[in-house]
Asker: 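Please read through the structure below; I'll follow up with questions.
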Amino acid sequence: LAWDYIISPVSQVGQAIVNTLVIGIIVTLLSILVGVPAARVLARREFKGKPLVEFFLLTPLIVPGIAISLGLVVIFIRIRLIDTMTGVILSHLVGTVPYMVRILTSVFAGLSPEYEEQARALGASPLKSFVFVTMPMVLPGIIAGSLFAFLISVNTFLQTFFIGGGRIVTLPTVLFNFIGQGGGSNIPVAAGVTLILSLPGFLFLLLTERYIKEEQFAQGFGG
């Protein structure tokens, strides 16, 4: 009976799965777009205020999530992004970008810039040398960072709850509703939603185990 209710439109689990996957994929792609150039600059360039920038990137990992969420609510109300999918996606980036940048910074720091210089000496443009020489070498780091970004986004509750305002439903918010309602009848439903919410993590672990060698994955963490 619990699974019958979960797969029914009344439970909103189906819509929550779609929203969770769409948000997670978009957040992961945006984290890559922001993280790759930012990490490259942080790893290879010295500039005024660099320690401050690095500390700023760590603040979302230090400051309590409730404080970040309430601050985002104030900002997003002013720019009219509250109760929108765009607002939820941007709020998730606060938690995913720091992980992506930290992982990729360690990768770029361990990668010699001589490879790009040699490619450019052979006639390749800066863009081609970066795309065809550097990117394949940092791909394990991108994969590792994407794994973290996607899983963080999928399991983010506070930002989704505050920014989405109940209109943007994801698996964590649906699970919270079932748990918050109380009553023994909701326990099997909550358990089923929890199982669904756990599936992305298991799938990613299987994919990394199957297609990514151990030493390559270690490179994603600067190993």
Side-chain angles (χ1 to χ4, degrees), residues 21-63 65 68 72 86 88-156 159 200-201 203-223:
L21 292 177
V22 170
I23 293 171
I25 292 172
I26 295 176
V27 167
T28 301
L29 293 176
L30 291 176
S31 297
I32 294 172
L33 291 176
V34 175
V36 171
R40 189 170 185 266
V41 171
L42 289 173
R44 296 184 175 179
R45 302 286 179 88
E46 294 296 331
F47 54 90
K48 186 177 181 180
K50 180 179 177 180
L52 184 62
V53 173
E54 293 176 331
F55 176 76
F56 178 75
L57 286 171
L58 288 175
T59 51
L61 310 180
I62 302 172
V63 178
I68 294 175
L72 289 174
T86 301
V88 172
I89 291 171
L90 292 177
S91 69
H92 284 204
L93 290 174
V94 175
T96 60
V97 168
Y99 279 98
M100 182 69 74
V101 173
R102 293 293 295 179
I103 291 173
L104 291 179
T105 298
S106 64
V107 175
F108 277 109
L111 183 64
S112 174
E114 293 180 356
Y115 296 106
E116 284 188 45
E117 294 172 359
Q118 291 175 2
R120 295 181 64 179
L122 294 173
S125 66
L127 179 60
K128 285 186 176 181
S129 62
F130 179 75
V131 172
F132 295 105
V133 177
T134 304
M135 285 297 288
M137 300 181 72
V138 300
L139 183 59
I142 293 176
I143 295 175
S146 299
L147 168 62
F148 275 92
F150 185 81
L151 292 181
I152 290 171
S153 176
V154 166
N155 290 279
T156 295
Q159 283 94 323
L203 291 176
F204 264 100
L205 287 176
L206 290 175
L207 288 173
T208 53
E209 179 70 22
R210 175 67 179 83
Y211 294 106
I212 305 175
K213 295 181 180 179
E214 195 171 306
E215 61 272 15
Q216 288 180 323
F217 194 74
Q219 291 176 16
F221 296 90

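One-based numbering along the sequence shown.
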Asker: Kindly determine whether L111 and R40 satisfy side-chain contact (heavy atoms from CB on, under 4.5 Å), including the steps that lead there.
Answerer: CA-CA 10 Å; L111 183 64; R40 189 170 185 266; over 6 Å; no
Asker: Quick one: NE2 on H92 to OG1 on T28, what's the gap to the nearest 0.5 Å?
Answerer: 11.0 Å
Asker: I'd like to check the ring pair (Phe, Tyr, Trp, His ring centres under 6.0 Å) partners of F130; sequence neighbours left out, ordered by chain and number.
Answerer: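 Here no residue qualifies.
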Asker: Indicate the atoms forming the closest heavy-atom contact of P98 with L57, along with that distance.
Answerer: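 Here P98 and L57 meet closest at CB-O, 3.1 Å.
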Asker: Under 3.5 Å, is there a donor-acceptor pair between the side chain of S153 and the main chain of F150?
Answerer: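 No, the answer is negative, given that no donor and acceptor are paired below the 3.5 Å cut-off.
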Asker: Kindly determine whether T134 and S129 satisfy side-chain contact (heavy atoms from CB on, under 4.5 Å), including the steps that lead there.
Answerer: CA-CA 7 Å; T134 304; S129 62; 6.0 Å; no
Asker: Specify the closest pair of heavy atoms between V133 and A119, including all atoms of both residues, with the distance to one decimal.
Answerer: CG2-CB, 3.8 Å
Asker: Between I68 and L72, does the side-chain contact (heavy atoms from CB on, under 4.5 Å) criterion hold? Intermediate values first, please.
Answerer: CA-CA 6 Å; I68 294 175; L72 289 174; 3.9 Å; yes
Asker: Can you tell me how far NZ of K128 sits from CZ of R120, rounded to the nearest 0.5 angstrom?
Answerer: 13.5 Å
Asker: Can you tell me how far the OH atom of Y99 sits from the CG atom of L147, to the nearest 0.5 Å?
Answerer: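 If I round to the nearest 0.5 Å, the distance is 12.0 Å.
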Asker: What pair of heavy atoms forms the shortest contact from V101 to A39, and how long is it?
Answerer: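 That closest heavy-atom pairing would be O-CB, 3.8 Å.
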Asker: List the steps, then state whether side-chain contact (heavy atoms from CB on, under 4.5 Å) holds for L42 with R45.
Answerer: CA-CA 6 Å; L42 289 173; R45 302 286 179 88; over 6 Å; no
Asker: To the nearest 0.5 Å, what is the distance between CG on L30 and CG on L90?
Answerer: 8.0 Å
Asker: CZ of F55: more than 12 outside heavy atoms within 6.0 angstrom?
Answerer: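 No, because the 6.0 Å sphere around CZ of F55 holds 12 heavy atoms or fewer from other groups.
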Asker: Heavy atoms only: give me the nearest G141-V107 pair and the separation to one decimal.
Answerer: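 So the two residues come closest at CA-CG2, 3.9 Å.
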Asker: With a 4.5 Å limit on heavy-atom distance, are the side chains of V36 and F108 in contact?
Answerer: yes
Asker: Could you pull out the closest heavy-atom pair between M100 and G35, with the gap in Å?
Answerer: CG-CA, 4.0 Å
Asker: Are the charged groups of K50 and E46 less than 4.0 angstrom apart, N to O?
Answerer: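 Counted as a salt bridge, because a side-chain N and a carboxylate O are separated by less than 4.0 Å.
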Asker: Any side-chain heavy atom of L93 sitting closer than 4.5 Å to one from V34?
Answerer: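 The answer is no, as the side chains (C-beta and beyond) never meet within the 4.5 Å cut-off.
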Asker: Would you give the length of the straight line joining atom CD1 of I26 to atom OG1 of T86, rounded to the nearest 0.5 angstrom?
Answerer: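 The distance works out to 8.5 Å.
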Asker: Quick one: closest heavy-atom pair of P200 and L151, and the distance?
Answerer: C-CD2, 4.0 Å
